[in-house]
Amino acid sequence: MYSSTLLGRLTELLAPDGYIERSESELRYPSRVLTDGAEVMRIAPSPTGFVHIGTIYAGFINERIAHQTNGIFILRIEDTDKKREVEGSSEMIIKALSDFGLNYDEGPNTTAKYGPYFQSQRSKIYLGYVLDLLRSGRAYPCFATPEELQTAVKDQQTKKLRPGYYGDWALWRDKSEAEINAALDKSLPFVLRLRSNGLHSKRIVYNDVFKGKMEVPQNDLDVPLLKSDEQRLPTYHLAHVVDDYLMGTTKVFRSEEWLPSTALHIEIAEALNLPDLTYGHFAPISIIDSAGGGKRKLSKRKDKEADIQFWLAAGYPIEGIKAYLLGLANSNFEDWWRNNPSEPLDHYTVSLEKLAASRAPLLDMQKLEDYCKDFIANLPQDQFEKRLLEFSEKAGWTRFVDEVASDIVYSNNVFAIERSGDKPRKDISRWDQAYDQYGYFFDSLFEDNFRKQGRSEFLSDLDEATIFGAAQAFLATYDPTDDQVAWFDKVKAAAESVGFAIDNKAYKADPSLFRGNVADFARILRVLTTGKNRTPDLWTIMQAMGVSRIRSRLSN
RNA sequence: GGUCCCGUCGUCUAACGGUUAGGACGCCAGGUUUUCAUCCUGGCAACAGGGGUUCGAUUCCCCUCGGGAUCACCA
């Protein structure tokens, strides 16, 4: 215990602008009144750059559990590291959560009572707690320089000891008041450290919601609780414990990387005489390391998929991504999704047991695309068009958007092609593929982006005369009122009339007798009208395009 | 190195000691189709290894091996 003089001096230095006594904080943030089973969940990202898919994953899990229990979902911005903070990233986090439909009940821009929700704005609260620790002797000032700390670690390494600031290695743990005062006299920078009571040789037991009974060595590290920076912001460890207590978080669900520091967090809560928090650590999303080949966490620097912007820019439908993430979290979700293709995802109940079984799931883009294809294919027509146009605008496809707007009826027909019925087409998994999928229906886009490219790419094996002959033969009998059967009969007749085989067996027996088979003939028509060799059914396309457009394209 | 988490098809996983180890994505083959995307049918493909316990081990225990996380005034 320090003398009141020293305590006063430290308080003066740490909180020149005052602080909020912890009893006052606890009064200001009363415990919550919740319905039975309601969980208060939170995510606590730090604004250090782009929004990581892992943040969305963690956010989704927490949001679901909060909302499926009629509880509360909180967003807390952990901006205690001003050095690493990147301008604008808080806004990006808020935007991303909104884009993904992860609506928080409490957080920035809400009127909720447990704020502020930016940790940097809560510094006086933390000060109150840390001062309390100082008074009870569970915290002490440490003036060790980075160099001293470093040499200590090196020393430990050469002696094959566990690195860290603990026990005899805790330089300032047992310094006298005189020594502390002397350091203060010199205005040396200092942090406040936890005076740990733990012993590495002893173990603590606690229960992790996902991992079950955990039995690990006690924390014995005298970690910094308060930084030496001017604002006297707390470290994550202190801020997390204080905030989740004050905000009434009922379950702290976070990624597994936090598992090793949980013993520390438990000790901090204990030192503060706070009730135990309930923890659950789930496996983060991983990716194959292209360099090493091993499994590792998605990394911000190495993986473009880590950035949520990558998914948004490509136009992966949010629900497809969410469905995929849900599948990673809960292996049984997949069956539900197949059985309930048009149900909102929120109707699925996330299972903690299944989440516990999820092991560092590897991001599988192919499977994700499969989910997205399914989702887009099953969208109601009006939704499909709405989203398609929204993306087109965002992507800056101005000509595409203009063309669509210039003939709404035609566009509606085009976008409806083969999308009805039990088995709608699954052509696109992301909206950015829509330009290629639908662009050729519009004349100016066809002319600029499809016609010539298609000709040279898909018809280079045929001479001009054959191509024109085929087109003319088709046009000679083409009647837009023909049904599909009649239409195809005419296609075959036209094909035969210009030397294509309509009997595929005959063609295969001796291809030299023919210019090609019906498939080749159809290919000519297809490429001439669409510029592509892969399209929906040709008859349907022609029905949508209309006779004059068909004539013009086939005659060109 | 210490500590902790974790090992089932290529990937995500199912299996509450007894199954021909199942499904999904992907892949391959065949079918349907004027081309594709689909769709249908079929196929390839896994219990990391070694010891125990047990009538019986993918399942329980131990060891080895392997992967991951973490050991900052970052979160």
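Chain identifiers are assigned alphabetically (A, B, ...) following the order of the sequence lines, protein sequences preceding nucleic acid strands; residue numbering begins at 1 within each chain.
Here the nucleotide nearest the side chain of A:Lys211, chosen from B:C5, B:C74, B:A37, is B:C5. Of the listed nucleotides (B:C36, B:U35, B:U38), B:U35 has the atom at the smallest distance from the side chain of A:Thr535. For A:Gln366, the listed nucleotide lying nearest its side chain is B:C25; candidates were B:C73, B:U70, B:C25. Nearest nucleotide to the A:Pro217 side chain, out of B:A14, B:C71, B:C4: B:C4. If you check B:A24, B:C73, B:U38 against the side chain of A:Val191, the one that comes closest is B:C73. In the set B:G26, B:U13, B:C12, the nucleotide with an atom closest to the side chain of A:Leu328 is B:C12. Ranking B:A75, B:A37, B:C4 by closeness to the A:Val216 side chain, first place goes to B:C4. Here the nucleotide nearest the side chain of A:Ser331, chosen from B:A14, B:C74, B:C5, is B:A14. Nearest nucleotide to the side chain of A:Asp364, out of B:G10, B:A69, B:C74: B:G10. Of the candidates B:C4, B:A75, B:C71, B:C4 carries the atom nearest the A:Leu259 side chain, counting heavy atoms from C-beta on.
Rounding to whole angstrom units, CD of residue A:Glu418 and P of B:C39 are separated by 13 Å. In this structure, A:His200 places its NE2 atom 13 Å from C1' of B:U70, rounding to the nearest Å. Distance, A:Asp436 CG to B:C36 C1': 12 Å, rounded to whole Å. Atom NZ in A:Lys213 sits about 14 Å away from atom P in B:C4, given to the nearest Å. A:Tyr57 has its OH atom 11 Å from the C1' atom of B:C12, to the nearest Å. The interatomic distance linking A:Tyr206 (OH) with B:C4 (C1') rounds to 8 Å, in whole Å. Rounded to an integer number of Å, the gap from CG of A:Leu363 to P of B:U13 is 12 Å.
Among the heavy atoms of the strands lying under 4.0 Å from A:Asn533 is at least one base atom, whether or not backbone atoms are also near.
B:U20 and B:U8: their P atoms are spaced 23 Å apart (whole Å). Here the separation of B:G17 from B:G56, taken at their C1' atoms, is 7 Å to the nearest Å. Here the separation of B:U53 from B:C27, taken at their C1' atoms, is 41 Å to the nearest Å. Comparing B:A45 with B:C12, their C1' atoms sit 15 Å apart, to the nearest whole Å.
The base of B:U35 lies outside donor-acceptor range of the side chain of A:Arg523, with no N or O pair under 3.5 Å. Applying the 3.5 Å distance criterion, the base of B:C12 shares no donor-acceptor pair with the side chain of A:Arg359.
Between A:Val498 and A:Phe521 the shortest side-chain heavy-atom distance falls below 4.5 Å. Between A:His240 and A:Leu277 there is a side-chain heavy-atom pair separated by less than 4.5 Å.
A salt bridge is absent between A:Glu78 and A:Arg42; no separation between the charged side-chain nitrogens and carboxylate oxygens falls under 4.0 Å.
Taking CD of A:Gln543 as the start and CD1 of A:Ile417 as the end, the distance is 10.0 Å to the nearest 0.5 Å.
Summarising the local packing, NZ of A:Lys82 is surrounded by more than 12 heavy atoms from other residues, nucleotides or ligands at distances under 6.0 Å.
Mapping A:Leu368 and A:Trp487 onto RNA chain B by nearest heavy atom places A:Leu368 closer to the 5' end of the strand.
Contact between the side-chain N/O atoms of A:Thr262 and the OP1/OP2 oxygens of B:C4 is not found at any separation under 4.0 Å.
Between A:Phe143 and A:Phe190, the ring-plane angle classifies as tilted under the 30° and 60° cut-offs.
Donor-acceptor pairing under 3.5 Å is recorded for the side chains of A:Asp243 and A:Tyr126.
The nucleotide B:U3 finds its pairing partner in B:A69, both defining distances of the Watson-Crick or G-U wobble pair being shorter than 3.5 Å.
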